[in-house]
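Have a look at the structure below before the remarks.
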Amino acid sequence: VQLVESGGGLAQPGGSLRLSCAASGFTFTSYTMAWARQVPGKGLEWVSGIRSDHRTIYTDSVKGRFTISRDNAKNTVDLQMGSLKVEDTAVYYCATAPLRYGSDWYTRLPSMDIGFWGQGTQVTVSS
């Protein structure tokens, strides 16, 4: 199993970045895919998720600014981030939503011990 993120980097406040995740080694359409993030010294936080039928969910702090999408033919999931804020600075991870929690997975704290995770990509928002 592999989840490989790309697209992180430095952006100015108000700017945009697009993160991409390429998945392999598992049945992609069987999983809700998600993005999580972690600020140094703090815990992981779910940012957004997308079901195989493309239904999406976002944490309140990114609603209206971030857009998640997936391509089930290419086994990819993207996160388009706009109107970036300094507080969006974090390491962003692509992951499978934990199957054991069903449709309420986003109410649980993320854990790298559950599901499949990428290696993470740094996003820094700074002027």
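We use all heavy atoms of the structure for the numbers below, so side chains are in, but hydrogens, waters and symmetry mates are not.
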Mark yes or no for whether Ser52, through its side chain, and Ser30, through its backbone, hold a donor-acceptor pair below 3.5 Å. no
Identify whether Val86 and Leu79 are in the same connected component of the hydrophobic contact network (ILVMFWY, side-chain heavy atoms under 4.5 Å). no
Flag the pair Ile57 / Trp105 as yes when at least one side-chain heavy-atom distance between them is below 4.5 Å, and no otherwise. yes
What are the two closest heavy atoms between Val47 and Tyr92, and how far apart are they? CG2-CE2, 4.3 Å
Taking everything shown except Gln119 itself, do over 12 heavy atoms lie less than 6.0 Å from its CD? yes
side-chain contact (heavy atoms from CB on, under 4.5 Å) for Asp78 and Trp35? Distances and angles first, verdict last. CA-CA 9 Å; Asp78 292 348; Trp35 287 92; 5.8 Å; no
Report whether Ile114 and Phe116 are members of the same hydrophobic cluster (ILVMFWY, side-chain heavy atoms less than 4.5 Å apart, transitive linking). no
What I'd like to find out is whether the side chain of Val39 reaches to under 4.5 Å of the side chain of Glu87, using heavy atoms alone. no
Nearest-0.5 Å distance, OH of residue Tyr106 to CD of residue Glu45: 15.0 Å
Heavy-atom closest contact (Tyr58 atom, Thr67 atom, distance): OH-CA, 3.3 Å
As an exercise, state the distance from CE of Met33 to CD1 of Ile68, rounded to the nearest 0.5 Å. 8.0 Å
Check Cys94 against Val77 and note the closest heavy-atom contact, atom names and distance. SG-CG1, 3.7 Å
Taking side chain as C-beta onward, heavy atoms only, is Ser126 less than 4.5 Å from Leu10? yes
The reported gap from OG1 in Thr32 to CG in Leu99 (rounded to nearest 0.5 angstrom) is 8.0 Å
Begin with the C-alpha distance, continue with both residues' side-chain angles, and end with the deciding distance and a verdict on side-chain contact (heavy atoms from CB on, under 4.5 Å) for Thr107 and Trp46. CA-CA 9 Å; Thr107 65; Trp46 291 119; over 6 Å; no
When rounded to the nearest 0.5 Å, the distance separating OG1 of Thr121 from CG of Leu17 is 9.0 Å
Charged N-O contact under 4.0 Å between Lys85 and Asp88: no
Under 30°, 30 to 60°, or over 60°: which ring-plane class applies to Phe26 and Tyr31, parallel, tilted or perpendicular? perpendicular
All heavy atoms of Ala11 vs all of Ser16, minimum pair found to be CB-O, 4.3 Å
Nearest heavy-atom pair of Trp117 and Pro110: which atoms, and what distance? CH2-CB, 3.8 Å
One should read off an interatomic distance between Tyr93 OH and Leu3 CG, to the nearest 0.5 angstrom, of 13.0 Å
Glu5 and Leu19, any side-chain heavy atoms less than 4.5 Å apart: no
Measure the CG-CZ distance between Asp53 and Arg70 for me, rounded to the nearest 0.5 Å. 8.5 Å
Could you walk me through whether Thr89 and Gln122 pass side-chain contact (heavy atoms from CB on, under 4.5 Å), step by step? CA-CA 8 Å; Thr89 296; Gln122 176 70 46; 4.0 Å; yes
Flag side-chain contact, heavy atom, 4.5 Å: Ser48 against Met81: no
